[in-house]
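Data block below; observations after.
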Amino acid sequence: MTLNHPCSTYSILLLITITRLITIVGKTEQWKAPILQELDIHNISLKFHNDPEAIKIASRDYGNIVHEFPRAVFRPSSIDDIATLIKSSYNSPSPFDISLRGHGHSTNGQAMARDGVVVDMASLRKQRDGVAINVSKDPLIGHYADVGGEQLWIDVLHATLEHGLAPVSWTDYLYLTVGGTLSNAGISGQSFRYGPQISNVHEMDVITGKGEFVTCSWQKNLELFQAVLGGLGQFGVIARARIALEPTPKRVKWVRLLYSDFSAFTKDQERLISINGRKQKTALDFLEGMLLMNQSPINNWRSSFFPISDHPRIASLITQHSILYCLEVAKYYDDQTEKTVDKEIQVLLQGLAYIPGFHYEKNVSYVEFLNRVRSGELKLQSQGLWDVPHPWLNLFIPKTQILDFNSGVFKDIMLKRNITAGPVLVYPMNRNKWDDRMSASIPEEDVFYTVGFLHSSGFDTWKEYEAQNREILEFCSDAGIEVRQYLPNHRTQKDWSNHFGAKWVRFLGRKHQFDPRMILSPGQKIFDKQQLLPAF
Ligand SMILES: Cc1cc2nc3c(=O)[nH]c(=O)nc-3n(C[C@H](O)[C@H](O)[C@H](O)COP(=O)(O)OP(=O)(O)OC[C@H]3O[C@@H](n4cnc5c(N)ncnc54)[C@H](O)[C@@H]3O)c2cc1C
Ligand SMILES: *[C@@H]1O[C@H](CO)[C@@H](O)[C@H](O)[C@H]1NC(C)=O
Ligand SMILES: *[C@@H]1O[C@H](CO)[C@@H](O)[C@H](O)[C@H]1NC(C)=O
Ligand SMILES: *[C@@H]1O[C@H](CO)[C@@H](O)[C@H](O)[C@H]1NC(C)=O
Ligand SMILES: *[C@@H]1O[C@H](CO)[C@@H](O)[C@H](O)[C@H]1NC(C)=O
């Protein structure tokens, strides 16, 4: 996967390729009806880049493990540029691959395009004409924001806050693009109550794999709407998404409770997420959970929380039990509810089976809470520890199999290998907050868990983590635990068809309909252009 090449030869090769690419596009007009005007091609020809720096950025991602080299990087200044690019591939006798690089925070090359063209969405972020985030109100759906797919969630937060509003469903980390998270699902501690981010979209503008600009929603072009949400970039480019907004709270009560017993921990998590009405005042606003282990620092990069003075007693508890489970919840409040928030939390936490005395609280602003991972990132960056390999594994696990998972994976594989230092997240979600007609693949049960192994490794040790990841997947398969990968990383059509299960046929049909020449997001490794799709 890694290529070594003398730069100069490579650049020349690239130049030839680009020239070919444009020539191919030029030829198209002789091959087919002149769909593209000569002028349009010229408009975009200057937007291809092949300098070593551009190629280098497009061939790496947050994972730092997979490297696929594109022939060119495309820097659009408008949505029309992207449509022109896709059309030129679609109409070509030999279409080229196109991937969208949102912020490159995938971990397995999902936003790369080997020998194809990588669209650098950051370029659109910088030079998009007009306002990229508009806040409005509709009598039927209430407040919403129209947001460019290339925008970062942190910018969506800041822009909507100016109106006293914000989206309700988030990811833990906000320096991700709207198009990138909506192509997966977008999950965090709010998902149990508000659903993933894909459940909070009213409408989208999409450029399909045919280069067509299509507005889709629950009322219009529903098939495309549902295909694109969780669609791994396979059906079109999310140019605009209409995101639901709610009035923002002012501050957040943030609580962590420690458990040594996994079954008590999950029982409490499940009880808490059963109170989940969107308008239900007594519900929590956020619920997650994580493992604390010997190898992991008590305060990790995802947030420093526990007071230093308490580290010794937490550490000795970890030594005693090998693994502790940390339940993490939050309740939002404002001036009106400030007086009652503590009481409400007290009522919610009554009867929970955490270890007495291991109860920690913070009182922070809403923005500080949502952006909690950022300070850890900046610290790691300053130490040169952010751009290291990230052999991540993210899974969805049915509720009835989570105890088996704990004993087989956390207590056995992980303790045996003794390399896990990064955060390991564990929290449940309610399936009824998801829409199964969307492309995202989730387990069949009413409640399922997400488990995230968010490893950072050395440049020479990532293989040990990948070996552990493989062992975990093999264990699940042997034990009949029906895991689904989130941010999936599969290599064969058989694995993909297993991943989608009953939805695979629909997924294929949608690919045939919206990207029949299999141009988009090749880095996901779902379709191979050499193989033609069966007709539907
Ligand atoms: C530090 C960190 C924390 C994270 N935390 C969370 C979390 O809490 N919850 C969560 O759900 N995920 C989380 N993620 C995962 C993240 O949501 C995915 O990796 C996502 O794909 C990254 O977004 P991106 O904008 O960088 O997308 P990229 O990696 O650039 O792209 C991902 C895929 O989406 C496609 N794509 C990108 N833009 C568009 C578009 N406009 N239209 C159509 N397709 C497009 C790409 O072609 C590619 O296939 C985290 C990742 C990191 C690195
Ligand atoms: C290409 O550029 C010309 C001149 O600036 C403009 O008139 C035309 O509309 C552009 N075409 C597209 C598809 O943007
Ligand atoms: C925001 O509104 C302006 C003016 O109507 C429009 O030009 C722009 O495209 C809108 N942006 C989005 C992302 O919808
Ligand atoms: C939370 O902190 C704010 C700011 O420091 C303070 O004004 C407020 O009284 C605190 N509220 C609670 C409920 O602890
Ligand atoms: C795990 O590894 C650490 C250091 O990497 C070591 O100190 C510890 O003894 C190991 N634990 C076990 C159970 O092997």
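- Note: H105 and Y62 have parallel aromatic rings, judged against thresholds of 30 and 60 degrees for the angle between ring planes.
- Residues that satisfy the salt bridge (charged side-chain N to carboxylate O under 4.0 Å, His left out) test with E203, not counting sequence neighbours, are R240, R242.
- For the residue pair R125 and T177, the shortest heavy atom distance occurs at NH1-CG2, 3.3 Å.
- Side chain of H390 to backbone of V388: a donor-acceptor contact under 3.5 angstrom is found.
- One finds the OG1 atom of T208 at 7.0 Å from the CD1 atom of I86 (value rounded to the nearest 0.5 Å).
- F396 and W434 have perpendicular rings, their planes meeting at more than 60° on a 0 to 90° scale where under 30° would count as parallel.
- Within 6.0 Å of atom CD in E482, 12 or fewer heavy atoms from other residues, nucleotides or ligands are found, so the atom counts as exposed in its surroundings.
- The closest side-chain heavy-atom distance from L287 to P428 is below 4.5 Å.
- R101 and A111 get closest at one heavy-atom pair: CA-CB, 4.1 Å.
- Between L508 atom CG and S497 atom OG the span is 8.5 Å, to the nearest 0.5 Å.
- No side-chain heavy atom of N50 sits less than 4.5 Å from a side-chain heavy atom of R71.
- Closest of all the heavy-atom pairs between E68 and S59 is O-CB, 3.1 Å.
- Taking each heavy atom of A159 and I133 in turn, the nearest pair found is CB-CG2, 3.7 Å.
- Atom CG of N108 is separated from atom CG of L487 by 9.0 Å, given to the nearest 0.5 angstrom.
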Any chance you could lay out the salt bridge (Lys or Arg N to Asp or Glu O under 4.0 Å) test for D515 and K210, step after step, and finish with the verdict?
-> CA-CA 6 Å; D515 181 22; K210 298 176 176 177; over 6 Å; no
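- Here the side chain of N184 pairs no donor or acceptor atom with the backbone of G186 at under 3.5 angstrom.
- Distance check, rounded to the nearest 0.5 Å: CD1 of I98 to CD1 of I207 gives 11.0 Å.
- Using a distance-only test at 3.5 Å, with no hydrogens or angles considered, a donor-acceptor pair links the side chain of N200 to the main chain of Y194.
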For the pair L176 and H103, evaluate side chain to side chain contact (heavy atoms under 4.5 Å, CB included) and give the outcome as yes or no after the intermediate values.
-> CA-CA 6 Å; L176 304 168; H103 200 36; 5.7 Å; no
Steps toward side chain to side chain contact (heavy atoms under 4.5 Å, CB included) verdict (V73, F48) = CA-CA 6 Å; V73 173; F48 290 98; over 6 Å; no
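- Atom CD of Q127 is separated from atom CD of E150 by 10.5 Å, given to the nearest 0.5 angstrom.
- Take W462 and apply the ring-ring contact (aromatic ring centres under 6.0 Å, His included) test, not counting sequence neighbours, and it matches no residue.
- A distance of 6.0 Å or more separates the ring centres of Y332 and W254.
- We find the CG-CD distance between L224 and Q513 to be 8.0 Å, quoted to the nearest 0.5 Å.
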Could you check S441 against F507 for side chain to side chain contact (heavy atoms under 4.5 Å, CB included), going step by step and ending with a plain yes or no?
-> CA-CA 11 Å; S441 180; F507 197 87; over 6 Å; no
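- In this structure a side-chain-to-backbone donor-acceptor pair under 3.5 Å is present from K331 to A283.
- Less than 6.0 angstrom separates the ring centroid of F225 from the ring centroid of W218.
- Ring geometry for F500 versus W496: interplanar angle under 30°, hence parallel rather than tilted (30 to 60°).
- Crowding of D138 atom CG: a count of heavy atoms from other residues, nucleotides or ligands under 6.0 Å exceeding 12.
- Scanning both residues, H202 and Y144, for their nearest heavy atoms gives CD2-CB, 4.3 Å.
- Between W153 and W170, the ring planes are perpendicular. Angles over 60° get that label, and only those under 30° would be called parallel.
- For the pair S88/F96, a side-chain contact is recorded, criterion being any heavy-atom separation below 4.5 Å from C-beta on.
- Formation of a donor-acceptor pair under 3.5 Å by the S123 side chain with backbone atoms of P76 is found in this model.
- Looking at K503, its side chain does come within 3.5 Å of a backbone N or O of M438 through a donor-acceptor pair.
- Within the 4.5 Å cutoff, the side chain of D155 has no heavy atoms near those of the V147 side chain.
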Show the numbers, then the answer: is there a side-chain hydrogen bond (donor to acceptor under 3.5 Å, both in side chains) between Q197 and T181?
-> CA-CA 8 Å; Q197 291 180 325; T181 71; 2.7 Å; yes
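- R193 has a carboxylate O that lies under 4.0 Å from a charged side-chain N of D285, or vice versa, which qualifies the two as a salt bridge.
- The shortest heavy-atom contact between S77 and K47 is OG-NZ, 3.0 Å.
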Does the pair R431 and D436 meet the rule for a side chain to side chain contact (heavy atoms under 4.5 Å, CB included), with working shown?
-> CA-CA 9 Å; R431 194 177 207 277; D436 206 29; 3.6 Å; yes
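- Counting only heavy atoms from C-beta outward, the side chains of I187 and T171 never approach each other to under 4.5 Å.
- Formation of a donor-acceptor pair under 3.5 Å by the D61 side chain with backbone atoms of G109 is found in this model.
- Counting heavy atoms from C-beta on, the side chains of S439 and R510 come closer than 4.5 Å.
- Under the 3.5 Å distance criterion, the side-chain polar atoms of S521 are matched with a main-chain donor or acceptor of G233.
- Checking side-chain atoms of R484 against main-chain N and O of I442 turns up a donor-acceptor pair under 3.5 Å.
- In this structure, the side chains of P70 and V117 stay at 4.5 Å or more apart for every pair of heavy atoms.
- The ring-ring contact (aromatic ring centres under 6.0 Å, His included) search around Y175 returns Y173, not counting sequence neighbours.
- Side-chain atoms of R372 come within 3.5 Å of backbone atoms of F369 as a donor-acceptor pair (strictly under, hydrogens ignored).
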Going through the distances and angles, do R278 and N276 end up as a side-chain hydrogen bond (donor to acceptor under 3.5 Å, both in side chains)?
-> CA-CA 6 Å; R278 276 180 96 104; N276 60 46; over 6 Å; no
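- Between I154 and L370, every side-chain heavy-atom pair lies at or beyond the 4.5 Å cut-off.
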